[in-house]
Number of protein chains: 2
Amino acid sequence: MYMEPNSTTENRIKEAARKIFIKKGLAGARMQEIADEAKINKAMLHYYYRNKEQLFKKIFEEVAAEFVPKIFSILGEDRPLEVKVQDFVSHYLDMLTRNPFLPLFVLSELRSQPEFFENAVGIKRSGILEKLAVQLKAEAKAGHIKPISPANFMANLMSLSIFPFLAQPMLQLIFSMNTQEFKNFIEERKQLIPQFIMSSLKT
Amino acid sequence: MYMEPNSTTENRIKEAARKIFIKKGLAGARMQEIADEAKINKAMLHYYYRNKEQLFKKIFEEVAAEFVPKIFSILGEDRPLEVKVQDFVSHYLDMLTRNPFLPLFVLSELRSQPEFFENAVGIKRSGILEKLAVQLKAEAKAGHIKPISPANFMANLMSLSIFPFLAQPMLQLIFSMNTQEFKNFIEERKQLIPQFIMSSLKT
DNA sequence: GTCTATAAGCAGATAGAC
DNA sequence: GTCTATCTGCTTATAGAC
């Protein structure tokens with residue numbers, strides 16, 4: 001069987017574990033299912049990662065590390081607020097369209113394992129929040145926007161961008177959307193969310 | 001041991017199961033833990049509900065039935081949009097403050113068991129969405145608000161209200177809030193969310 | 001490093017006495 | 001209706017050959 005050059009056993013395990021854990025969570029996933037997905041023997045999982053918890057922890061940290069920091073790198077850029085908001089929304093809606101299960105996975109497991117998160121994210125030490133706070137204050141003082149706290153600004157931005165993916169099954173049910181229509185709905189929101197946010201901040 | 005008048009075995013089972021399932025989900029919950037919580041024997045769970053799945057299904061339907069319909073009863077009222085938004089936000093933020101785990105539970109299990117939901121919710125047959133659509137169109141035509149689709153309107157309203165509870169551990173971590181500070185943050189948003197929504201719709 | 005076989009423990013479910 | 005004891009099957013984890 002042909003395999004990718006860097007399709008090492010360890011890589012295949014990680015890809016398989018990622019897929020299964022994201023779909024079923026820690027408690028719902030089965031080591032056998034991960035082994036099957038990786039096309040290896042179950043015993044190999046224990047050879048590379050001593051047990052299920054360690055394998056999960058590894059996966060979760062990697063996922064959280066790619067899910068969260070981008071939030072802050074975009075918001076830390078040296079650009080007008082409106083541009084940052086557009087970049088953020090555009091990036092996240094694309095990323096989540098490719099990985100619609102990611103938010104529920106991260107938030108679910110974060111609820112039961114908050115300590116996994118502390119290490120995975122270097123937010124508080126990054127100084128980006130302070131920078132954002134300064135910018136919000138400056139743009140308010142200049143009369144461009146209404147005053148708003150960083151926490152509320154971020155909560156709004158993340159809510160509007162991420163929640164629809166969490167609630168995708170419910171939204172599709174309520175509004176009778178099939179999967180393609182949901183994608184169109186998200187595509188439309190790439191324009192709408194920045195408009196909502198900026199016009200809600202109009203002075 | 002003194003017990004509440006209607007503290008029947010069956011009620012105690014349901015309360016215990018609700019608590020454990022909401023915290024751990026279907027896969028993570030243990031029948032033994034539910035039995036302990038209800039202060040009864042594990043065998044009783046099987047006497048009242050044949051198996052774990054049936055017990056879970058019962059609980060989930062009850063939770064979903066109290067979580068969802070209120071959304072639509074408020075939005076179906078015959079009042080100005082702005083008042084409905086205020087009522088919705090006020091009601092849901094109170095309810096979620098008392099039950100912060102509810103949204104994650106409903107959305108998680110809804111992802112793996114979408115069919116549980118169909119019955120629990122009679123939205124599509126209620127005609128309320130049509131009513132909301134008419135109102136949004138009318139208020140736009142009268143020049144009170146910008147045009148917006150019901151799906152986007154609802155997605156915004158639910159996102160801003162519900163997401164902060166889903167992300168509570170992350171928000172507390174990022175913004176260094178303790179639990180009381182998070183409650184204050186939510187309390188503040190009771191005023192802010194309706195303002196955001198209505199001013200984002202200003203013509 | 002990789003496999004097969006198996007051990008060990010756990011969780012859901014039932015039998016049967018009271 | 002309620003309990004104790006037990007069975008059965010599944011899941012994680014290990015032992016040991018190659």
Side-chain angles (χ1 to χ4, degrees), chain A residues 1-63 105 108-109 112-113 115-116, chain B residues 1-63 105 108-109 112-113 115-116:
Chain A
M1 187 196 325
Y2 172 77
M3 289 190 178
E4 295 290 327
N6 61 352
S7 162
T8 61
T9 300
E10 187 160 6
N11 282 338
R12 297 222 311 288
I13 289 176
K14 289 213 302 206
E15 278 170 37
R18 182 186 163 110
K19 180 172 168 184
I20 304 296
F21 277 137
I22 286 181
K23 203 190 302 181
K24 311 222 167 159
L26 171 57
R30 294 290 159 254
M31 295 295 266
Q32 183 62 60
E33 199 178 356
I34 295 173
D36 292 348
E37 177 74 29
K39 296 195 183 12
I40 51 141
N41 192 281
K42 207 173 39 151
M44 296 305 294
L45 299 177
H46 291 91
Y47 177 79
Y48 281 95
Y49 304 86
R50 264 172 59 76
N51 56 40
K52 191 182 176 182
E53 267 67 30
Q54 280 199 32
L55 175 55
F56 177 82
K57 186 172 174 172
K58 181 81 180 173
I59 300 299
F60 181 79
E61 284 174 353
E62 287 189 13
V63 169
F105 171 70
S108 293
E109 305 297 339
S112 37
Q113 318 276 351
E115 67 280 6
F116 279 6
Chain B
M1 186 193 331
Y2 172 77
M3 286 191 179
E4 294 289 328
N6 62 352
S7 164
T8 62
T9 301
E10 187 160 5
N11 281 338
R12 296 223 311 289
I13 289 176
K14 288 214 303 207
E15 279 169 37
R18 183 186 163 108
K19 180 172 168 184
I20 304 296
F21 278 137
I22 285 180
K23 203 190 301 181
K24 310 220 167 161
L26 171 57
R30 295 290 160 254
M31 295 295 266
Q32 184 62 60
E33 198 178 356
I34 294 173
D36 292 348
E37 176 75 27
K39 296 193 183 12
I40 52 143
N41 192 280
K42 206 172 42 150
M44 295 304 294
L45 299 177
H46 291 90
Y47 176 79
Y48 281 94
Y49 303 86
R50 264 172 60 76
N51 56 40
K52 191 183 178 184
E53 267 68 29
Q54 280 199 31
L55 176 55
F56 178 81
K57 187 172 172 171
K58 181 82 179 172
I59 301 298
F60 182 78
E61 283 175 352
E62 287 189 12
V63 169
F105 171 69
S108 294
E109 304 297 339
S112 36
Q113 317 277 350
E115 66 281 5
F116 279 6

What do the steps show when you test B/Glu33 against B/Lys24 for salt bridge (Lys or Arg N to Asp or Glu O under 4.0 Å), and what is the final call?
CA-CA 11 Å; B/Glu33 198 178 356; B/Lys24 310 220 167 161; 3.1 Å; yes
Using atom [atom1] of [X] as one end and atom [atom2] of [N] as the other, report the distance to the nearest whole Å.
X: A/Gln32; N: C/dT6; atom1: CD; atom2: C1'; answer: 14 Å
X: A/Ile34; N: D/dT11; atom1: CD1; atom2: P; answer: 12 Å
X: A/Phe56; N: D/dT11; atom1: CZ; atom2: P; answer: 18 Å
X: A/Ile40; N: C/dC3; atom1: CD1; atom2: P; answer: 7 Å
X: A/Leu45; N: D/dT14; atom1: CG; atom2: C1'; answer: 14 Å
X: B/Glu33; N: C/dA11; atom1: CD; atom2: P; answer: 10 Å
X: A/Lys42; N: C/dA7; atom1: NZ; atom2: C1'; answer: 11 Å
X: A/Asp36; N: D/dC10; atom1: CG; atom2: C1'; answer: 15 Å

Could you tell me whether B/Ala29 contacts a base, only the sugar-phosphate backbone, or nothing, with contacts defined as non-hydrogen atoms closer than 4.0 Å?
sugar-phosphate
May I ask you to say what A/Met44 touches in the nucleic acid, namely base, sugar-phosphate or nothing, with a heavy-atom cut-off under 4.0 Å?
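The answer is base, as A/Met44 lies within the cut-off (heavy atoms under 4.0 Å) of a base atom.
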Side-chain N or O of [X] closer than 4.0 Å to phosphate OP1/OP2 of [N]:
X: B/Tyr48; N: D/dT2; value: yes
X: B/Thr9; N: D/dT2; value: yes
X: A/His46; N: D/dT14; value: no

Answer yes or no: is there a donor N or O on one side and an acceptor on the other, between the side chain of A/Lys52 and the main chain of A/Leu26, under 3.5 Å?
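Indeed, once roles are kept as given, a pair shorter than 3.5 Å links the two residues.
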Do the side chain of B/Glu10 and the main chain of B/Tyr48 share a donor and acceptor less than 3.5 angstrom apart?
no
Less than 3.5 Å apart, any donor N or O on the side chain of A/Gln32 or A/Asp36 sitting next to an acceptor on the other?
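A pair is found: one side chain offers a donor N or O, the other an acceptor, under 3.5 Å apart.
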Between A/Phe56 and A/Tyr49 (judged by ring centroids, cut-off 6.0 Å), do the two rings come close enough to count as a pair?
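Centroid distance A/Phe56-A/Tyr49: not below 6.0 Å, so no.
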Which residue lies more 5' along DNA chain D, comparing A/Arg30 with A/Asn41 via nearest heavy atoms
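Nearest nucleotide further toward 5': that of A/Arg30.
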